[in-house]
Amino acid sequence: MCAYATGTVAAQQAPRSGGDALATWIVAPASTGRERPFTDAIERAIPGWRRDAMGNLVMHRGSGTPRRVIACALDRFSFFVSEIDGEGYIRLHDPMGSRPSLMWDQFHEGQRIRVQTRRGPVPGVIAVRSTHLRGRRGADSSLASIDGFYVDVGARSRADVASLGIAILDPVSREWPAWSYAGHVAGPAAGARAGCAAVAAAARGTPARGETVFILSAQSELNFAGYSAALARLGRVDSVATTFGSSRGDVVHIAVTTRFDGTLAESVADSAFESLRQRVETLAGVPATGPLPPLVVEEPARLGGTDALGGVSQLLGDFTNVYSVSAHERPMHDAVMAALPAWAKTKAVTDSAGNIVLALGPDRDTALFVAHMDEIGYEVTRVNADGSVSLRTRGGFFQSLWEGQPALLHIDRGAPIKGVFVPRNSATVKQPRDVTAWFGLDSAALISRGAIVGASVTSYKRATRLGATRFTARSIDDRAGCAALILALRSIPPGAFTHKVIFAFSTREETGLEGARVLAAQFGASVTRVYAIDTFVSSDSPLESHRFAFTPIGNGAVVRAVDNSSTAGPEEVDRIVAIANAAHIPIQVGTTNGGNDGSTFVPRGAIAVPLSWPLRYSHSPAEVIDLADVGALGRLVAAIALHSEK
């Protein structure tokens with residue numbers, strides 16, 4: 001075989017691909033030996049491929065000599081299901097024995113994953129320790145490892161896992177959105193996927209002279225087994241070029257420059273991909289082809305549903321999908337107002353702190369229910385010269401769960417600016433000292449787009465159901481509380497209140513109960529009881545000790561009898577349990593860590609009785625609840641609201 005000379009890349013042409021289309025190639029699942037979902041999507045987008053016994057896609061174009069081969073590697077690193085335990089958790093294995101980068105496992109902890117089953121993709125999360133329970137355990141400073149991973153797919157047992165179609169050896173990978181930002185695309189193995197997109201796109205062209213064989217090869221993690229087998233069956237060829245490996249005497253390696261190499265946020269510039277396409281077309285002897293076609297890959301089912309929990313799921317999904325960092329609650333304010341029943345919209349007011357307040361019934365024996373609208377996240381502290389932004393946390397959380405993930409910079413008007421949280425190249429400790437985000441722009445361009453000090457920064461999120469009754473999203477704390485208040489209001493006739501009941505949706509809870517302090521100053525002296533509707537951070541997880549805060553999810557709403565900011569006496573607990581029992585509402589009682597909005601009313605004479613639902617993996621992208629618990633909490637709020645406060 002003889003190699004083509006490297007030569008020079010042709011002059012830059014107008015991009016023919018578009019980052020959005022390339023992003024769909026990056027997110028398609030293709031684990032080693034399980035490349036079928038990816039190759040099926042490619043065949044739908046670009047017909048004419050032949051699939052061989054190894055799972056490779058092969059396309060012959062033209063005839064005669066010279067005879068060229070252009071190849072790429074389809075698969076990328078994935079974990080595999082190695083065990084399913086009796087409580088429905090999945091354990092993982094790495095059969096390849098290597099990682100794309102030192103911190104690969106770390107970047108998966110507390111994130112959404114996808115199990116690729118024979119019946120299609122199933123969503124899940126990799127469990128992480130709850131932020132609020134860290135004071136009950138020793139320091140957690142070591143980097144995350146697959147050896148400590150538990151995958152939660154919303155199951156209660158092995159039988160539940162089997163009913164989802166999950167089996168031993170099914171591939172497990174990060175569920176990553178199609179992510180393009182400011183002339184870049186990002187995602188796991190973005191460089192390798194850009195190579196396959198360039199080769200597949202070039203395969204639509206016919207060489208003016210000779211034959212070109214295009215190979216989209218499988219099983220590259222196993223010493224490029226698919227490529228070697230396909231090449232062996234071709235016989236004599238005159239030249240070979242690949243988008244993997246390295247150049248040697250008889251093979252040309254076609255490289256693409258990447259940023260954040262070997263991380264989930266590995267990024268390829270649109271201009272780099274266009275240069276790669278031109279190089280592939282030159283080596284393949286084909287003319288320039290048209291725009292890169294996007295791929296359509298099967299997605300798991302998300303929200304809603306026709307079962308009894310479909311309405312709870314849809315409402316909670318609508319709320320958790322809203323971005324609303326503490327002190328930036330306007331989007332959630334608008335979502336709550338839109339969700340109120342029509343009769344309540346006309347009575348709701350917004351106070352000076354941005355709280356939504358709905359006061360109902362005659363002015364006596366006042367009960368106040370409060371849920372907070374804000375979520376954890378970041379604010380910009382500085383726009384740096386290189387276009388990155390320095391950040392400060394808003395609320396308490398593990399910053400390791402954000403680095404190397406998609407980033408969104410929220411501006412006053414228009415869509416958020418997309419980017420990535422900058423990952424560390426290496427580390428010996430789990431938590432980064434600082435986290436920055438980069439949006440593919442220099443500082444001047446970023447500022448011209450609306451970036452300012454104080455702007456909020458979050459990460460992409462998308463709520464989804466897990467299993468039969470479970471649900472996962474970021475910011476379930478405290479969007480489930482907001483949903484419970486809405487569910488209660490929707491179930492109560494507007495004239496049914498026999499005493500004063502105030503429903504409040506507060507601001508800035510995560511940064512010091514600030515909105516609740518304004519409410520307490522306004523209503524505190526008149527309030528008999530205050531019910532903060534907020535998370536019960538549960539130790540219902542294989543990563544936590546069950547000797548504290550153990551209220552299993554799926555067993556009902558919770559009276560948060562004692563936490564770090566308030567306590568409800570035995571008679572108050574008994575009162576709530578009696579109301580729940582009379583209404584046939586499942587109820588639990590427990591103690592956990594964390595504060596609540598209701599504590600701001602206690603110094604003014606109110607009795608605080610926090611009401612909750614149990615939640616796993618608090619203040620993480622992987623929060624998990626049971627939808628039935630939120631439904632029970634909504635019914636409990638309604639029952640208490642209609643009950644006498646005396």
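Along the sequence shown, residues are numbered consecutively beginning with 1. Worth knowing before you read on, the calculation uses all heavy atoms, side chains too, and leaves out hydrogens, waters and symmetry mates.
- Counting only N and O atoms by type, the side chains of His546 and Asp540 include no donor and acceptor under 3.5 Å apart.
- Taking 4.0 Å as the cut-off between side-chain N and carboxylate O, Arg76 and Glu221 do not count as a salt-bridged pair.
- Tested against Asp75 for a side-chain hydrogen bond (donor to acceptor under 3.5 Å, both in side chains), the candidates Ser31, Ser217, Ser220 yield a single pass: Ser220.
- Classified by interplanar angle (parallel below 30°, tilted 30° to 60°, perpendicular above 60°), the ring pair Phe397/Trp402 is tilted.
- A cation-pi arrangement, defined by a distance under 6.0 Å to the six-membered ring centre and an angle within 45 degrees of its axis, is present between Arg193 and Phe38.
- Annotation for Leu485 and Phe369: closest pair CD2-CB, 3.8 Å, computed over non-hydrogen atoms.
- No donor-acceptor pair closer than 3.5 Å links the side chain of Asp597 to the backbone N or O of Ala532.
- The pair Asp40-Arg51 meets the salt-bridge criterion, with a side-chain N (NZ, NE, NH1 or NH2) lying under 4.0 Å from an Asp/Glu carboxylate O.
- No side-chain heavy atom of Leu633 sits less than 4.5 Å from a side-chain heavy atom of Asp629.
- Put simply, the side chain of Ser267 gets close to the backbone of Ala265: a donor and an acceptor are under 3.5 Å apart.
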Are Glu623 and Arg474 close enough, and set up right, to give a salt bridge (charged side-chain N to carboxylate O under 4.0 Å, His left out), and what steps lead you there? CA-CA 6 Å; Glu623 290 180 341; Arg474 193 180 76 246; over 6 Å; no

Might you work through the salt bridge (charged side-chain N to carboxylate O under 4.0 Å, His left out) test for Arg99 and Asp94, ending with a clear yes or no? CA-CA 9 Å; Arg99 301 286 192 279; Asp94 162 26; 2.3 Å; yes

Begin with the C-alpha distance, continue with both residues' side-chain angles, and end with the deciding distance and a verdict on side-chain contact (heavy atoms from CB on, under 4.5 Å) for Leu408 and Lys418. CA-CA 5 Å; Leu408 289 168; Lys418 296 166 67 176; 3.7 Å; yes

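- The main-chain N or O of Ser400 is never found under 3.5 Å from a side-chain atom of Gln106 such that the two would form a donor-acceptor pair.
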Residue pair Asn596, Ser566: steps toward the side-chain contact (heavy atoms from CB on, under 4.5 Å) verdict: CA-CA 8 Å; Asn596 69 81; Ser566 67; 3.0 Å; yes

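- Contact annotation: the side chain of Arg462 approaches that of Glu175 to within less than 4.5 Å [non-hydrogen atoms, C-beta and beyond].
- Residue Ser541 comes nearest to Tyr89 through the heavy atom pair CA-OH, 4.0 Å, listed as atom of the first residue, atom of the second, then distance.
- Using a 4.0 Å cut-off between charged side-chain N and carboxylate O, Arg129 and Glu544 make no salt bridge.
- With hydrogens and angles ignored, the 3.5 Å screen pairs no side-chain donor or acceptor of Asn56 with any backbone N or O of Asp52.
- Using cut-offs of 30° and 60° on the angle between ring planes, the pair Tyr378 and Phe421 is tilted.
- Look at Arg91 and Asp85 and you find no salt bridge, because none of the NZ, NE, NH1 or NH2 atoms lies under 4.0 Å from a carboxylate O.
- Between Ser456 and Tyr323, the side chains place no donor N or O within less than 3.5 Å of an acceptor N or O (distance only, hydrogens not considered).
- Separation of atoms OH (Tyr150) and CD (Glu87) is listed at 9.0 Å; rounding is to 0.5 Å.
- When side chains are defined from C-beta on, Leu309 counts as touching Thr469, because their heavy atoms get closer than 4.5 Å.
- Taken from OG in Ser618 to CZ in Phe536, the straight-line distance is 11.5 Å, to the nearest 0.5 Å.
- More than 12 heavy atoms of other residues, nucleotides or ligands lie within 6.0 Å of CD in Glu572, so this atom counts as buried by the packing criterion.
- Judged by distance alone, with hydrogens and angles left aside, the side-chain atoms of Ser157 form a donor-acceptor pair with the main-chain N or O of Asp160 at under 3.5 Å.
- A donor-acceptor pair under 3.5 Å is absent between the side-chain atoms of Ser313 and the main chain of Gly310, judged by distance alone.
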Check against side chain to side chain donor-acceptor pair (under 3.5 Å), Ser142 and Lys430: CA-CA 5 Å; Ser142 300; Lys430 188 168 195 173; over 6 Å; no

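- Looking only at atom types and distance, the side chain of Lys461 has no donor-acceptor partner in the side chain of Thr320 under 3.5 Å away.
- Between Ala127 and Glu109 the shortest heavy-atom distance is O-CG, 4.1 Å.
- To the nearest 0.5 angstrom, Leu466 atom CG is 10.5 Å from Asp626 atom CG.
- Nearest approach of Ser324 to Met373, heavy atoms of both residues: OG-O, 3.9 Å.
- One finds the CH2 atom of Trp613 at 9.0 Å from the CZ atom of Arg560 (value rounded to the nearest 0.5 Å).
- Ionic pairing of Arg114 and Asp170 is not present here: no N-O contact between side-chain nitrogen and carboxylate oxygen is shorter than 4.0 angstrom.
- Of the inter-residue distances, the one linking Leu615 atom CG with Phe471 atom CZ reads 11.0 Å to the nearest 0.5 angstrom.
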Just do the side chain to side chain donor-acceptor pair (under 3.5 Å) check on Gln405 and Arg174 with the steps written out, would you? CA-CA 11 Å; Gln405 309 298 332; Arg174 173 72 164 91; 2.8 Å; yes

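- Residues Leu611 and Ile576 meet the side-chain proximity criterion, which asks for heavy atoms closer than 4.5 Å.
- Using a distance-only test at 3.5 Å, with no hydrogens or angles considered, a donor-acceptor pair links the side chain of Asp105 to the main chain of Ile146.
- Using cut-offs of 30° and 60° for the angle between ring planes, the His108 and Trp104 rings count as tilted.
- Remark: the backbone N or O of Ile376 is not paired with any side-chain donor or acceptor of Glu510 at under 3.5 angstrom.
- The pair Glu375-Arg394 does not count as a salt bridge, with every side-chain nitrogen at least 4.0 angstrom from each carboxylate oxygen.
- You'll find the side chain of Val297 reaches within 4.5 Å of the side chain of Pro29, heavy atoms only.
- Residues Leu316 and Val630 share a closest heavy-atom pair of CD2-CG2, 4.5 Å.
- Shortest non-hydrogen contact noted between Thr567 and Val562 is OG1-CG2, 3.5 Å.
- Between the side chain of Ser475 and the backbone N or O of Asp477, no donor-acceptor pair lies under 3.5 Å.
- With contacts defined as side-chain heavy-atom distances shorter than 4.5 Å, the pair Ile26/Thr24 does not qualify.
- For the pair Val422/Phe260, a side-chain contact is recorded, criterion being any heavy-atom separation below 4.5 Å from C-beta on.
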Ile126 and Arg112: side-chain contact (heavy atoms from CB on, under 4.5 Å), yes or no, with the steps? CA-CA 7 Å; Ile126 294 180; Arg112 182 77 55 79; over 6 Å; no

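- Within the 4.5 Å cutoff, no side-chain heavy atoms of Ser538 are placed close to those of Arg616.
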Evaluate side chain to side chain donor-acceptor pair (under 3.5 Å) for Ser78 paired with Ser173, printing each intermediate quantity in order. CA-CA 5 Å; Ser78 296; Ser173 58; 4.6 Å; no

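- The main-chain N or O of Asp261 is never found under 3.5 Å from a side-chain atom of Thr258 such that the two would form a donor-acceptor pair.
- Atom NE2 of His132 sits about 8.0 Å away from atom OG1 of Thr592, to the nearest 0.5 Å.
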Run the numbers on Thr393 and Gln399 for side-chain contact (heavy atoms from CB on, under 4.5 Å), then give the verdict. CA-CA 8 Å; Thr393 59; Gln399 293 200 78; 3.8 Å; yes

